[in-house]
There are 2 protein chains.
Amino acid sequence: MGKKISMAVIRRLPRYYRYLADLLRVDIKRISSKELSERMGITASQIRQDLNCFGGFGQQGYGYNVETLYREIGKILGVERRFKTIIIGAGNMGNALANYENFRNRGFDLIGIFDIDPNRVGHIINGIEIMHMDKLEGFMKNNVVDIAILTVPSHSISEVAEKVAELGVKGIWNFSPQDLKLSHDVVIENVHLSDGLAVLGYRIKEQEQNRV
Amino acid sequence: MGKKISMAVIRRLPRYYRYLADLLRVDIKRISSKELSERMGITASQIRQDLNCFGGFGQQGYGYNVETLYREIGKILGVERRFKTIIIGAGNMGNALANYENFRNRGFDLIGIFDIDPNRVGHIINGIEIMHMDKLEGFMKNNVVDIAILTVPSHSISEVAEKVAELGVKGIWNFSPQDLKLSHDVVIENVHLSDGLAVLGYRIKEQEQNRV
DNA sequence: CAACGCTTGACAAAAAAATCACAAAGATGA
DNA sequence: TCATCTTTGTGATTTTTTTGTCAAGCGTTG
């Protein structure tokens, strides 16, 4: 296993995974890179090359078996593994994420929700009671927590991130507009929703100009 | 204006914009590509090349004037322009987005929220009353709507998207896990939150293996 | 005001990513 | 069974993106 796979490929995998799930749902058993490429709007060549990074799942003259391919990509992404997950920050975004059913299907088990606001503590979201931040340390010493989803205000993001990192979290999903960088070797995914919106604005502006 | 700017560059602009806002906040007047590169964790060369796509904002021996650069990037992204925006789907995610104050600062004015659920209609989010989907068409004929944020369930996403496209929306910000593709020339940004989470899972798995 | 140091903008080089093209192998059908 | 058709996997090629380099220009200092 010498060759390392580029992030560009990895970031496409969830998309393949989604499309394959769609195919399974409508009971399509096999798919060629060509047909998949048409559905996804990328080149067949790219699909073949991407999938080949992980081994030859396809068969000449036949294509790919949808179920096998789905399972294999799932394995690569780690869907078979369960990640114990907590949410810190039970505001609107925390709420929305806590209620997002898809996460469980993808291997992420929500086991705790924390907030600093006493008015929120005690409320139940999606079957889980919101705990006060004071309880975080104790909770994390009694439970293995793999991932912390941070939906706290910008001004406290780095403090909270440091804390969960020290307490042994393996990954952080950061929803604050502030980029996170930690000394610990914790994997971080920054989301930055509004960046996407800004790009949307740019593209609209550009299209309006081009139409003239 | 012959040369076209690559998406790779565009997608970095909001990040520059954020960092510059941070600098302004702490009253830093000037910044060199070298120092900015250290803060952002990218190469100085890339920063200079990116910024140069839009014209020479910098000055030899001095660096970049933070405020000027901030304003210029804002202009490129279209922050000075206002986008009239509606949200369709007042569930948890729609709620979270409706309450996200940052949007207004970035040029996006929320002027309407719609939902199909009669129990939600009439409630007020962030000063705006949720209207029933039946009212959408009338609303869009009486108001210019630039952007529709779609936080509806997957099964109705394409129907709703088609509708707002026909009614003249210029951009769609799609939060459903389903990729959107329309015939109309509407600009679409798909979000796919859970893709990011899946990548986080992959990276954690990978790091665990490498540590062995 | 001259000399020095810093930093940009531009171009060149390198690296990474995407695409092309085709031999090889399995599927299909007569 | 055999010929034909389809489609993969892969090395070569092209394109895109990132990084490196340096002359030229500006600011700063004495």
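Letters go in sequence order (proteins before strands), and every chain restarts at 1.
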Output the single nucleotide from [options] whose closest atom is nearest the side chain of [X].
{"X": "Q46(B)", "options": "dC26(D), dT8(D), dT19(D)", "result": "dT19(D)"}
{"X": "Q49(A)", "options": "dT19(C), dG20(D), dT7(D)", "result": "dT19(C)"}
{"X": "Q59(A)", "options": "dA27(C), dT21(D), dG27(D)", "result": "dA27(C)"}

Would you indicate what S45(B) reaches in the nucleic acid, counting non-hydrogen atoms under 4.0 angstrom: base, sugar-phosphate, or nothing?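 Contact class for S45(B): base.
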
Quick check on DNA chain C: between T43(A) and Y64(B), whose nearest nucleotide comes earlier from the 5' end?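 That would be Y64(B).
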
Whichever of M7(A) and L51(B) has its nearest DNA chain C nucleotide further upstream toward 5':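 Taking each residue's closest nucleotide, the earlier one in sequence belongs to L51(B).
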
Round to a whole Å and report the spacing from [atom1] of [X] to [atom2] of [N].
{"X": "Q60(A)", "N": "dA27(C)", "atom1": "CD", "atom2": "P", "result": "10 Å"}
{"X": "L36(A)", "N": "dT8(D)", "atom1": "CG", "atom2": "C1'", "result": "14 Å"}
{"X": "K34(B)", "N": "dT21(D)", "atom1": "NZ", "atom2": "C1'", "result": "16 Å"}

Salt-bridge present (D195(B), R18(A); N to O < 4.0 Å):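 Answer for the salt bridge query: yes.
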
Does OP1 or OP2 of [N] have a side-chain N or O of [X] closer than 4.0 Å?
{"X": "N52(B)", "N": "dA10(C)", "answer": "yes"}
{"X": "R30(A)", "N": "dT8(D)", "answer": "no"}
{"X": "R48(A)", "N": "dG9(D)", "answer": "no"}
{"X": "S6(A)", "N": "dA17(C)", "answer": "yes"}
{"X": "R11(A)", "N": "dA17(C)", "answer": "no"}

Map G61(A) and G58(A) onto DNA chain D by nearest heavy atom, then report which one ends up closer to the 5' terminus.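 Its nearest nucleotide lies further toward 5', so the answer is G61(A).
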
Considering non-hydrogen atoms only, spot the tightest contact between F139(B) and I111(B) and give its length.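 For F139(B) and I111(B), the tightest heavy-atom pair comes out as CZ-O, 3.4 Å.
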
Taking the six-membered ring of Y62(B) (Phe, Tyr or Trp), confirm whether the NZ or CZ of R30(B) is under 6.0 Å from its centre and within 45° of its axis.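 Yes; both conditions hold, so R30(B) lies above the ring face of Y62(B).
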
Ring centroid separation F83(A) to F108(A) under 6.0 Å: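 Between F83(A) and F108(A), the centre distance is under 6.0 Å.
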
Centre-to-centre under 6.0 Å for Y16(B) and Y70(B), is that the case here?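 Judged by ring-centre distance (under 6.0 Å), Y16(B) and Y70(B) do not meet the cut-off.
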
